Number of protein chains: 2
Amino acid sequence: MNIYDIAAEANTSISTVSRVLNNKGNVNPQIRKRVEEALKKYDYKPSAIARGMVSKTMKSIAILTIDVRVTHYARMIYVIEQEFSNQGYNVTVCNTGGSIGECDRYFKILAEKQIDGLVLIGSIFNNLIHYPQIIAQIKEIPVVLANGHVDSPNFYSVLVDDTKAIRTVVDYLLDGGRKNLVYVFDLENDSAQAKRRGFVEGLKLRDVPQPESRVFTAAYGLEGGMKAAEEIIRSGIPFDGVLCGEDTTAIGVMKGLKKQGYRIPEDVAVTGCNNSPEARICEPELTTLDNKPELLGGMCAQLLRDTIEKKGSAVSVAIQPELVVRQST
Amino acid sequence: MNIYDIAAEANTSISTVSRVLNNKGNVNPQIRKRVEEALKKYDYKPSAIARGMVSKTMKSIAILTIDVRVTHYARMIYVIEQEFSNQGYNVTVCNTGGSIGECDRYFKILAEKQIDGLVLIGSIFNNLIHYPQIIAQIKEIPVVLANGHVDSPNFYSVLVDDTKAIRTVVDYLLDGGRKNLVYVFDLENDSAQAKRRGFVEGLKLRDVPQPESRVFTAAYGLEGGMKAAEEIIRSGIPFDGVLCGEDTTAIGVMKGLKKQGYRIPEDVAVTGCNNSPEARICEPELTTLDNKPELLGGMCAQLLRDTIEKKGSAVSVAIQPELVVRQST
DNA sequence: TTGAAAGCGCTACCAC
DNA sequence: GTGGTAGCGCTTTCAA
């Protein structure tokens, strides 16, 4: 069932059927009615592919992310998908697992499909800057990085001020009377580095000597956090506050500390990052940073849409996370 | 940069270029080499849209789900996406919010894009059976339901035996010495109904009188669970075991009970469903049912692929959830 | 082994 | 207002 069949049924030309379909140009009401009846009679659906052939777009965008199962990413994906689907776009989701090879594979296929735009979620994609030939594959496509930056003409950014956010936590804990803070650094990406930097800078601003020596490296997650707690204790360093780069790790740290008889928050304050659902489920409930993934997702969507539709793009503002104080501090 | 440009550069015809591109038919090695050089020189990318025009497929499928942010769904989406992207397909994700109108909108646009297949995640989509005109929109497209069933020629199912699973929990608790079980029913979809049925059947099989009177209705989530705990206590019914349809609600129930001085598991056993990450984070850690979303997603992907590629489709087997015993029982 | 040509189903232009 | 027609960039068939 194509446009020719409809034209035949309605006893007119495909041009006129096209006009009716797209509400473009004037059509004699009688003919319009005949066409609409034919459309309904055959339950006609125009081929988006044929349309795309002419218009050079299938009205679809793609989101690349390390892993949809990470709630923090899923929250952004949700917002972006809703925003674009409201505009008639479809959203393709790609799990790259953080592998540059996977990224390359996806870029190739997405470029062939002439996707209208791309959102890359996670600062891991900053690494792309070292692979110009991979970037070259999508040089025609506007790309927005969520909390990342790549210096390339078609790449745009929405940033989260992770450094400042962690500085805020440092101040909050020191102002609350804690004396000896330590930091658990649990991921290697640029965002994690920025957080770590925030910790070090925050301590420096408060004249704490040798802040670097107060950073512990751990594996991400519950187990990683528990191990980190052990290590901190074992190090012999005095501590009454533990800042973590991720909620899950922070929860592990709390578990580990409690197991060793520390009371939270009486003996030690613990903070996380991401304001995940888990932060409300652990005991005590976790003080954490809300880095506003919905806002971030919304701004990425907005920026990408403006770029695709060639409106002057929005001014680039960094998102400021907010401290959510709960019982762990 | 299209196939004509390449043909011109390589001094041959587009037919030959096409043969080289698709590795079909024999090509003189010399010409092949010229073509390959031209391909590389111009960094040529075939247009998937033009290809789709001829082949009637863009090699893409779509997943409809209530909400990607639900971890349980995200886990299935991940597996399905990986499976299909390995086969060169792209995966479009659609958040319907459980609204039939949204579903209709997505179906229309996906049908126009001639998507190759559809996975519907969540038993909420069982409701589609009441909307034949919506189903009609995708009558050409193979559809797989994850834990759902719709009686229509192009619809296929992979089921989870929720009823049996909850019966297992009932037996486990009774065998463990618990005497008075109650059930917290927190969602309205078919899967939730099946679980509730499992509870009632389970008690009947053990000759417990009036099992229906032991079912409490609650709102989903932490707050819902806490309220449910209050209600159970207020009802005056004796109880030493609470089964819940969802982990998050179960965690709320535990919180509520603990607040009223009940010890878990000493005074009351609590169980959830889904084996979510949260079940390992709450205290005590939650005994729950692992309903194997990865397996379910994998089987859906397999079934859909077989159907799309018209291989004899796999036998329909129901997935059996497994009890994960932790400290809450 | 190669190339010419006919489509795929649409949109957009132009002539009437 | 309307309809004919030229593409869009491929794949596939058929003849050479």
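Keep in mind it's a predicted model, so treat the numbers as computed, not measured.
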Closest non-hydrogen atom pair between A:N274 and A:R75, with its separation:
O-NH1, 3.9 Å

5'-most by nearest nucleotide on DNA chain D - B:K24 or A:V27:
A:V27

Taking only the side-chain nitrogens and oxygens of B:Y44, find out if one of them lies under 4.0 Å from OP1 or OP2 of D:dG9.
no

Charged N to carboxylate O below 4.0 Å: is that the case for A:E102 and A:R105?
yes

Where do A:I308 and A:F84 come nearest, in terms of heavy atoms and distance?
CD1-CE2, 4.2 Å

Between C:dC8, C:dT11, D:dC10, which one does the side chain of A:I3 approach most closely?
C:dT11

Nearest listed nucleotide, side chain of B:I31, among C:dC10, C:dC8, C:dT2
C:dT2

Whole angstroms only, please: what is the CD1-C1' distance between B:I49 and C:dC10?
12 Å

Rounded to whole Å, please give me the gap between CD1 in A:I6 and P in C:dG9.
13 Å

For the residue pair B:D162 and B:N147, confirm or rule out a side-chain donor-acceptor distance under 3.5 Å.
yes

How is B:T12 classified with respect to the nucleic acid when contacts are heavy atoms under 4.0 Å: base, sugar-phosphate, or nothing?
sugar-phosphate

Gap between atoms CG and P, on A:N11 and D:dT2 respectively (whole Å)
12 Å

Could you state the atom-to-atom distance from CZ of A:R51 to P of D:dG9 in whole Å?
19 Å

Heavy atoms only, 4.0 Å cut-off, all strands: where does A:S47 land among base, sugar-phosphate and nothing?
sugar-phosphate

Side chain to side chain contact (heavy atoms under 4.5 Å, CB included) with B:I319: which residues, sequence neighbours excluded?
B:V158, B:V160, B:K292, B:L295, B:L296, B:M299

Residue whose nearest DNA chain C nucleotide is more 5′ - B:N26 or A:K45:
B:N26

To the nearest angstrom, how far is A:M58 atom CE from D:dG9 atom C1'?
14 Å

Output one line per pair: protein atom, nucleotide atom from nucleotides 4-6 of chain D, and distance, for all N/O pairs under 3.5 Å.
from, atom 1, to, atom 2, distance (Å)
D:dG4, N7, A:S15, OG, 3.1
D:dG4, O6, A:S15, OG, 2.6

Salt bridge or not for A:K108 and A:E112, using N-O below 4.0 Å?
yes

Would you kindly give the CE-to-C1' distance between B:M53 and D:dC10, to the nearest whole Å?
10 Å

Any side-chain N or O of B:N22 under 4.0 Å from OP1/OP2 of D:dT11?
yes

Can you check the A:L21 CG to D:dT2 P distance for me, whole Å?
15 Å

For C:dG3, does OP1 or OP2 lie under 4.0 Å from any side-chain N or O of B:T16?
yes

Determine, for A:E36 against A:K40, whether the closest basic-nitrogen to carboxylate-oxygen distance falls under 4.0 angstrom.
no

Which nucleotide wins on minimum distance to the side chain of B:N28, given the candidates C:dC8, D:dC10, C:dT2?
C:dT2

